[in-house]
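To keep things clear, I will list the structure first and then write my remarks on it.
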2 protein chains.
Amino acid sequence: MANQLNLRIDRSSPVPLYHQVVQGIEAAIHTGVLEPGSRLENEIDLAAQLNLSRPTMRKAMDELVRSGLLVRKRGVGTQVVSSQVRRPLELSSLYDDLSNNGSKPTTDVLSFSHEEADAAIRKALQLPAGAKVYHFARLRKVGGKPLALMENWVRDDITAIDEAALASQGLYGILRNGGVNFRLASQRIGAMIANDYQAPLLETTAGSALVTMERTAVDDTGRMVETGHHVYRADSYSFEMTLVQR
Amino acid sequence: MANQLNLRIDRSSPVPLYHQVVQGIEAAIHTGVLEPGSRLENEIDLAAQLNLSRPTMRKAMDELVRSGLLVRKRGVGTQVVSSQVRRPLELSSLYDDLSNNGSKPTTDVLSFSHEEADAAIRKALQLPAGAKVYHFARLRKVGGKPLALMENWVRDDITAIDEAALASQGLYGILRNGGVNFRLASQRIGAMIANDYQAPLLETTAGSALVTMERTAVDDTGRMVETGHHVYRADSYSFEMTLVQR
DNA sequence: AACATTCTAATGTCAGGACAAACTATTGAC
DNA sequence: GTCAATAGTTTGTCCTGACATTAGAATGTT
């Protein structure tokens with residue numbers, strides 16, 4: 001078979017060996033060195049070729065299987081999954097997604113306040129009575145075209161937030177700089193009809209379709225950091241994801 | 001601390017040890033034995049208590065972290081994250097979801113044919129020219145109320161499908177019985193406005209909001225098995241999921 | 001009292017080995 | 001020639017052991 005994966009493992013690098021393998025195989029699939037549908041060599045030989053132990057090799061493959069790039073079958077082997085299966089939905093913000101895509105998003109801060117959280121928000125963020133939060137609404141545009149209308153509530157005991165930072169940086173960037181390590185988020189995606197408030201802001205007509213998303217994000221200490229309600233123009237945004245059977 | 005997790009590991013069971021641990025901890029979180037925010041004992045002690053090796057214990061915890069129930073932090077420990085964080089979106093069908101929920105879904109088969117695939121479907125399922133597929137539209141109701149309008153294309157070289165089976169069983173059930181082991185699916189969720197065809201079938205008015213979902217499912221041999229386009233009434237359905245940072 | 005240093009506890013990474021289970025393909029029997 | 005038993009390949013599970021890295025607490029110094 002002579003796969004010639006051409007992976008180079010740098011044992012002096014701080015990035016873990018299994019992750020170097022993940023990156024290498026991802027790159028090979030992306031550049032077409034590994035064609036969709038082709039079979040990989042077996043784990044043991046691959047590990048031997050790279051001077052790695054099998055557990056390390058397996059850990060790398062586990063990740064690739066989980067992310068939907070590979071499919072394994074006992075007694076048969078490991079295959080590069082077909083094709084145009086896209087990236088899984090990742091824990092990132094809209095701002096990141098757009099930036100990575102080469103677009104240049106801009107943000108209008110429509111309202112901003114530092115106020116006492118009401119009962120619903122306290123429940124969502126698991127805050128005690130009397131706690132204060134940042135509450136703000138933003139309009140995100142890309143290429144001058146409005147794309148999303150976002151309303152968020154953020155706990156105030158992590159880092160200070162002000163209007164100017166929000167206009168220039170994106171919420172998740174601010175929070176990460178403030179030392180927040182996001183770990184997970186639960187979200188709900190649905191649909192609604194644009195109302196008279198939303199329609200002009202999104203430069204569409206009342207009655208057009210919007211994608212809705214509610215999200216609550218948790219950091220590595222288990223705190224609920226942020227909750228929000230976003231709406232997107234259905235003609236310019238949709239959620240893509242890959243589900244993996246376990 | 002004396003966690004008293006009260007897990008029992010059955011070494012004679014065919015279910016893997018790490019999975020027994022996963023189930024046990026899931027149950028403990030679900031029943032409230034492990035409270036949200038509480039810290040678990042460290043991996044090594046837990047493994048010792050259950051007479052398991054640390055890698056096995058870690059594998060169990062990895063899964064729980066991935067599913068969003070636990071949060072780990074190096075040098076600190078492992079915490080129950082929960083609260084109302086919901087289940088991740090799983091690779092299952094609407095029929096399964098509803099059945100597991102105690103509801104009793106019914107299905108009307110609106111159209112059914114066994115026809116030659118057009119170019120778009122051949123591309124989505126990666127079929128050669130001239131290949132035939134099953135093509136059908138279904139209306140899914142729960143409690144007599146219409147919920148989803150589904151149009152699907154399924155390759156015909158796996159198992160035979162007929163109208164009667166579709167009306168009584170759910171597509172994924174039929175395919176699983178036919179020997180298909182689903183591995184992953186890529187899907188896209190968006191929104192649209194109900195048109196004159198969809199509205200009466202879903203017993204709503206033209207212009208109301210619908211959630212749209214396009215999905216292509218892949219089995220363990222890497223074959224694209226099924227692709228479809230579904231629309232749901234936005235007032236009765238939304239997609240919930242948990243995203244985990246890696 | 002404030003600060004830097006050291007220590008400890010916990011998770012993160014990696015190795016090497018052993019056996020089990022599932023699928024494929026070949027071989028053998030009828 | 002068809003079908004069943006068998007052997008071989010590959011992934012799945014599990015073990016023991018070791019060291020690295022990080023976060024936070026305790027300690028000591030100024």
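Just so we're on the same page: letters track the sequence lines, and every chain starts at 1. It should be emphasised that the depicted structure is a prediction, and the values quoted were computed from it without experimental measurement.
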note: A:Lys59, atom NZ; C:dA15, atom C1'; distance rounded to Å ~ 14 Å
Rounded distance (Å) that lies between atom C1' of C:dG16 and atom CE of A:Met57: 16 Å
A:Arg54 has an atom CZ; how far is it from atom C1' of C:dG16, in whole Å? 11 Å
What is the nucleic acid contact for B:Ile44, judged by heavy atoms within less than 4.0 Å: base, sugar-phosphate only, or nothing? base
Side-chain (B:Gln20) to main-chain (B:Asp10) donor-acceptor, under 3.5 angstrom: yes
Do the side chains of B:Arg223 and B:Gln126 get nearer than 4.5 Å, heavy atoms only? no
How many Å lie between CZ on B:Arg72 and C1' on C:dT13, as a whole number? 12 Å
Whole-Å distance between C:dG12 C1' and A:Glu63 CD? 13 Å
Please step through side chain to side chain contact (heavy atoms under 4.5 Å, CB included) for the pair B:His229 and B:Met150, ending with a clear verdict. CA-CA 6 Å; B:His229 182 90; B:Met150 310 179 286; over 6 Å; no
Output the rounded distance in Å from CZ (A:Arg74) to P (C:dC19). 17 Å
Respond yes when some side-chain nitrogen or oxygen of B:Thr78 is under 4.0 Å from OP1 or OP2 of C:dT11, and no when none is. yes
Is A:Asp45 touching bases, backbone alone, or none of the nucleic acid, heavy atoms closer than 4.0 Å? nothing
Side-chain contact test, heavy atoms from C-beta onward, threshold under 4.5 Å: evaluate it for B:Phe182 versus B:Arg176 and give yes or no. yes
Hey, does the side chain of B:Arg58 come within less than 4.0 Å of C:dT11's phosphate (OP1/OP2), counting only N and O? no
Taking 4.0 angstrom as the limit, do A:Arg72 and A:Glu43 come out as a salt bridge? yes
Just wondering, more than 12 heavy atoms not from B:Arg188 lying within 6.0 Å of its CZ? no
Sorted by chain and number, sequence neighbours left out, ring-ring contact (aromatic ring centres under 6.0 Å, His included) with A:His114 holds for A:Tyr134
Does A:Tyr18 have a side-chain nitrogen or oxygen under 4.0 Å from the phosphate oxygens OP1 or OP2 of C:dC14? no
Min and max contacting nt of DNA chain D in 5' to 3' order, chain A heavy atoms within under 4.0 angstrom, are D:dT9 to D:dT13
Closer than 3.5 angstrom, by distance alone: can the side chain of B:Arg122 be matched with the main-chain N or O of B:Ala117 as a donor-acceptor pair? yes
When you compare the side chain of B:Gln23 with that of B:His19, does any pair of heavy atoms fall below 4.5 Å? yes
Within this structure, what is the CG-to-P distance between B:Asp62 and C:dT11, rounded to whole angstrom? 12 Å
Using a heavy-atom cut-off of 4.0 Å across all strands, would you classify B:Pro16 as base, sugar-phosphate, or nothing? sugar-phosphate
Consider the side chain of A:Ser53, meaning its heavy atoms from C-beta on, and name the nucleotide among C:dC14, C:dG12, C:dC19 that approaches it most closely. C:dC14
How many whole angstroms separate atom CD of A:Glu43 from atom P of C:dG16? 16 Å
Assert: residue with more 5' nearest nucleotide on DNA chain C, out of A:Gly75 and B:Asn42, is B:Asn42
Here the gap from A:Arg54 atom CZ to A:Leu46 atom CG, rounded to the nearest 0.5 Å, amounts to 12.0 Å
Could you list, one pair per line, each protein nitrogen or oxygen that sits under 3.5 Å from a nitrogen or oxygen of nucleotides 5-7 of chain C, together with the distance?
none

DNA chain C nearest-nucleotide lookup for A:Arg11 and B:Lys73: closer to the 5′ end is B:Lys73
